Every structure is written in C-alpha cells, then in structure tokens.
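Take a look at the structure below.
Ligands are counted one by one from 1 in listed order, and the atoms in each one are counted from 1 as well. Being a predicted model, the structure only gives us computed values, none of them experimental.
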Amino acid sequence: MGWSHSIFNAMAVTQIPFDQVDRNSPVVFFTGAGISSESGISTFRDLDGHWSKYDPMNLASPDGFISDPELVLDWYAARRKAILEAEPNAGHRAISDFQKLFKESLVITQNVDGLHILAGSKPVLELHGNIHRHKCFECSSQIELSVHEASNLNYCSCGGLVRPDVVWFGESLVTKTLEDAFQAVQDCQIFFTVGTSTQIYPAAQLPFEAKNNQAFVIEVNPEVTPFSSHAHMSLRAQAGEALPQLYEEFYAKIS
Ligand code: BV8
C-alpha cells in the first residue's frame, strides 16, 4: 500500500482490496460526531466550555427538556450557532468524492449537523435527525423557525412546546430510517465506520451487522472503540487525514 504516512502501514492490519472492489456494488459510510470535530464541532464526549458541566445524555432527552426546556433550547442554540459557523472538512469532502465513484452509495450519520449534505453527499440517512429542523413535542408537527426564533420558547397551534427535530436518548428512531439503514448493510461490499465511539444503540449495531454480512469494514478513529477488533482494518487516524488518502489510493487503482 503506497501510504506516504507511516501510521497507516503500522496500523493497517490488512490491505484494503481496492483492486477487487466492484464499483457497481454498494458502499456505505457510517459516521459519528468525530467526523465533525475537525470542523470545530465538539463531540459528545468532549463538550467544551460552559456546556462541559452538563451531561449531554440529560440535555438530549425528553426528561431533560421537560424539566428545563429553556436550558435545553439554549444548548441547541449554542450548538446550532457553532454548526452554522462551521464548514465541512476534508473528511466530509472525501466521502462525498468517494460516493461519486460508486453506482450505489449511502452515508448513514448519527450527527445532526447537516455537514455531509453541505459537503455534497447524497443520499444521506440522518439516523438521529437534524438540528436545523423543529417539531412539536406533543403532536410532532414540523414547525418552521428562524435561527433566532429557535433559541426561544415556541408553542405549536396544539399548545405543545416546539423542540429540535432530533432523536433524544430514550426515544425511538424513525422506523423507516432505521429499516433503510439496516437494509443498506445487508449487501454493501465496503463499509466505512468513521468518528464514532460505537456506543450509541441501535446505531452502533450497524458496523457489526455489516461485518456479519461479509462487507469489508474499515474503521477510522484516533481511539480504539468496541468495534476496532472486529474491523478488517482499523486506522488510528483523524478522518480528515485518512479519508482523503484512502480516496487517492482508490482513485489511483481505478484510473
Ligand atoms: C432507542 C441526537 C428505543 C441528539 C443522539 C440497546 C438498543 C437500543 C437502545 C439502547 C440500547 N442500549 C441502550 C440504549 C439506550 C440508548 C443508548 O444507546 N445508550 C447508550 C449510552 C448505551 N439509545 C437510545 O436511547 C436510542 N433510542 O434505542 O429507542 C428505546 C426507547 C426507550 C428505551 C430504550 C430504547 C436513541 C439514541 C440517539 C440519541 N441521540 N443524537 C443530539 O445530537 O443532540 S446520539 C448522540 O450521541 C449523537 O448522535 C452522537 O453522534 C452520539 C455520540 O456518539 P458518537 O457519534 O460516537 O460521538 P462520541 O462523542 O461518542 O464519539 C466521538 C468519536 O469520534 C470518538 O470515538 C473519538 O475518538 C472520535 N474522533 C474524535 N475526533 C476524530 C474522531 N474520529 C475521526 N476523526 C477525528 N478527527
């Protein structure tokens, strides 16, 4: 493997069979908060500043919202502001470029920041929703709000409080979205799992499912995760560094 960067040789437990890859067979990219960290967006594990004293598991929950809706809305407003000031990074862009080389591809993200879509990726499955959408806490109607309006308490015509249209801890994922994600891993040939601690279920089941379905699974994460020992290749690297190199390697093979 022609890596210019020695870390890849050290960590690559096996060669990526890029020369055997069929561009007509599906490829899936599964991502978590880590892929957005190089865009300056803190992951759940390392909330920065004022928010570090709060437990994200509580802020991102129905009970947390019911007990202090203004605190939760402030948290989302702060995250939304950081996201609006952020740009997709080289990792997001490499995935978008990879998708263009395959007849069938899919990004399945746990992130709610919308950066994959901004980077030109399609299709994208947002397992946990999108921070820029809003819905009624009671009747789930979609509600249009400006960024400024979204930081305040708003009420639906049914009287319910308006909340971010994201999946909180203890809430079920949208059935169709989850079904589409698990369907996609039934027959994908290469499955990338990038920037996720692989601890949030049912999303974290996807890499294991892909492996069970004979996909070649590549993990990119500076840290070891519960999935690392199951991956065919586990790169201890930043997404913004590894993914562009993997893209160049693959592009060179097919050109
Ligand atoms: C549910 C939206 C049914 C909100 C989020 C088994 C089955 C089903 C459910 C459960 C189960 N066991 C437990 C549960 C309950 C729970 C759960 O998983 N708990 C965990 C703590 C065990 N799951 C749920 O509640 C789910 N609901 O299953 O419904 C149900 C109903 C009732 C009761 C039970 C079940 C809903 C989960 C969705 C929660 N919502 N997000 C919001 O964003 O505000 S999840 C949230 O966590 C984000 O989506 C985020 O993506 C995710 C955190 O995980 P990661 O993405 O992995 O991010 P993290 O910070 O953890 O790690 C970052 C990684 O990046 C690190 O590994 C780091 O090393 C790496 N990294 C850093 N820099 C880089 C990098 N990698 C590459 N490059 C870099 N530069």
Side-chain angles (χ1 to χ4, degrees), residues 7 11 29-48 51-52 54-65 71-80 82-83 86 88-95 107-116 124-135 150 163-175 177-178 181-182 192-209 218-228 231 234-246:
I7 187 169
M11 296 298 171
F29 298 88
F30 174 62
T31 68
I35 195 166
S36 293
S37 68
E38 291 167 82
S39 294
I41 296 167
S42 65
T43 67
F44 266 55
R45 247 126 273 275
D46 54 21
L47 289 183
D48 46 16
W51 297 104
S52 56
Y54 294 96
D55 174 3
M57 300 284 292
N58 182 44
L59 291 172
S61 76
D63 292 347
F65 183 66
L71 175 70
V72 171
L73 290 173
D74 284 350
W75 183 49
Y76 279 93
R79 289 174 62 194
R80 200 172 291 120
I83 287 164
N89 60 59
H92 294 108
R93 290 194 299 273
I95 288 177
V107 170
I108 302 173
T109 188
Q110 299 171 85
N111 302 338
V112 298
D113 57 34
L115 290 183
H116 282 297
V124 176
L125 270 187
E126 294 177 310
L127 287 183
H128 297 154
N130 186 301
I131 200 168
H132 301 302
R133 289 198 310 263
H134 312 278
K135 68 177 184 181
R163 52 166 285 183
D165 185 9
V166 298
V167 179
W168 279 335
F169 289 100
E171 292 185 325
S172 299
L173 282 65
V174 172
T175 307
T177 305
L178 197 56
F182 276 91
F192 292 82
T193 175
V194 182
T196 177
S197 59
T198 326
Q199 292 175 32
I200 306 299
Y201 283 85
Q205 190 55 37
L206 288 165
F208 293 94
E209 200 70 18
I218 303 158
E219 178 182 54
V220 178
N221 192 322
E223 293 171 11
V224 175
T225 75
F227 182 74
S228 298
S234 187
L235 289 173
R236 293 283 81 72
Q238 308 266 336
E241 179 189 8
L243 290 174
Q245 292 201 38
L246 290 172

Problem - Heavy-atom nearest neighbour in the protein, as seen from atom 57 (O) of ligand 1, with distance rounded to 0.1 Å - result: Ser197 N, 2.7 Å
Handout entry: Heavy-atom side-chain contact between Val167 and Leu127 under 4.5 Å
Key = no
Practice task
Could you list which atoms of ligand 1 come closer than 4.0 Å to a heavy atom of Ala33?
Solution key: 51 (O), 55 (P), 56 (O), 58 (O)
Practice task
Look at the rings of Tyr76 and Trp168 and say which category their plane angle falls in: under 30° parallel, 30 to 60° tilted, over 60° perpendicular.
Solution key: tilted
Fill in the blank from the handout: So the atoms of ligand 1 within less than 4.0 Å of a heavy atom of Trp168 turn out to be 36 (C), 39 (C)
Exercise for the section: Using distance alone, determine whether Leu173 and ligand 1 share an N or O pair under 3.5 Å. Expected result: no
Problem - Heavy atom of protein closer than 4.0 angstrom to atom 30 (C) of ligand 1 - result: no
Fill in the blank from the handout: From the list Leu59, Val112, Asp113, side chain to side chain contact (heavy atoms under 4.5 Å, CB included) partner of Arg79 resolves to Val112
Practice task
Give the residue, atom name and distance (to 0.1 Å) of the protein heavy atom nearest atom 59 (P) of ligand 1.
Solution key: Arg45 NE, 3.0 Å
Practice task
Find out whether His92 and Ile35 are in side-chain contact, i.e. whether some heavy atom of one side chain is under 4.5 Å from a heavy atom of the other.
Solution key: yes
Practice task
For Ile35 and ligand 1, answer yes if some heavy atom of the residue is under 4.0 Å from a ligand atom, otherwise no.
Solution key: no
Problem - Lys/Arg N to Asp/Glu carboxylate O, Glu171 vs Arg163, below 4.0 Å - result: yes
Fill in the blank from the handout: A student checking ligand 1 against Ser172 at a 4.0 Å heavy-atom cut-off should list atoms 3 (C), 29 (O)
Exercise for the section: Among all protein heavy atoms, pick the one closest to atom 9 (C) of ligand 1 and tell me residue, atom and distance. Expected result: Tyr201 O, 3.8 Å
Exercise for the section: List the closest protein heavy-atom neighbour of atom 78 (N) of ligand 1: residue, atom name, distance to the nearest 0.1 Å. Expected result: Ala239 N, 2.9 Å
Problem - Thr225 N/O under 3.5 Å from ligand 1 N/O - result: no
Exercise for the section: Using a 4.0 Å heavy-atom cut-off, say whether Glu171 meets ligand 1 through its side chain, its backbone, both or neither. Expected result: backbone
Exercise for the section: Please determine if Ile200 has a nitrogen or oxygen closer than 3.5 Å to a nitrogen or oxygen of ligand 1. Expected result: no
Exercise for the section: Pull out every atom of ligand 1 sitting under 4.0 Å from any heavy atom of Asn111, numbered as shown with elements. Expected result: 51 (O)
Problem - Selection from Val224, Val167, Leu127 by shortest heavy-atom distance to atom 39 (C) of ligand 1 - result: Val167
Exercise for the section: Among all protein heavy atoms, pick the one closest to atom 69 (O) of ligand 1 and tell me residue, atom and distance. Expected result: Asn221 OD1, 2.7 Å
Handout entry: Side chain, backbone, both or neither: Glu38 near ligand 1, heavy atoms under 4.0 Å
Key = side chain
Handout entry: Validation row: Phe227, Asn221 side chains within 4.5 angstrom (heavy atoms)
Key = no
Practice task
Please write down residue, atom name and distance for the protein heavy atom closest to atom 43 (O) of ligand 1.
Solution key: Arg79 NH2, 3.0 Å
Completion exercise
At under 4.0 Å between heavy atoms, what of Val112 touches ligand 1? The answer is side chain
Exercise for the section: Taking only heavy atoms of Glu223 into account, list the atoms of ligand 1 that are under 4.0 Å away from them. Expected result: 69 (O)
Practice task
Using distance alone, decide if ligand 1 has a nitrogen or oxygen within less than 3.5 Å of any nitrogen or oxygen in Tyr76.
Solution key: yes
Exercise for the section: Would you check the N or O atoms of Gly170, main chain and side chain alike, for any that come under 3.5 Å of an N or O of ligand 1? Expected result: yes
Practice task
Report yes if Val194 has an N/O atom closer than 3.5 Å to an N/O atom of ligand 1; otherwise report no.
Solution key: no
Practice task
Please tell me if the side chains of Thr225 and Thr196 come closer than 4.5 Å, counting only heavy atoms from C-beta onward.
Solution key: no
Handout entry: Close N or O approach (Pro222, ligand 1; < 3.5 Å)
Key = no
Exercise for the section: Tell me which part of Ser37 gets within contact of ligand 1: side chain, backbone, both or neither, using heavy atoms under 4.0 Å. Expected result: side chain
Handout entry: Heavy-atom protein neighbour under 4.0 angstrom from atom 37 (C) of ligand 1
Key = yes
Problem - Heavy-atom proximity to atom 45 (S) of ligand 1, best of Gln205, Met57, His128 - result: His128
Practice task
Identify the protein heavy atom lying closest to atom 72 (C) of ligand 1, giving its residue, its atom name and the separation to 0.1 Å.
Solution key: Gly34 CA, 3.8 Å
Completion exercise
Checking heavy atoms under 4.0 Å, the part of Gln199 that sits near ligand 1 is backbone
Completion exercise
The atoms of ligand 1 lying under 4.0 Å from a heavy atom of Gly32, numbered in the order shown, are 56 (O)
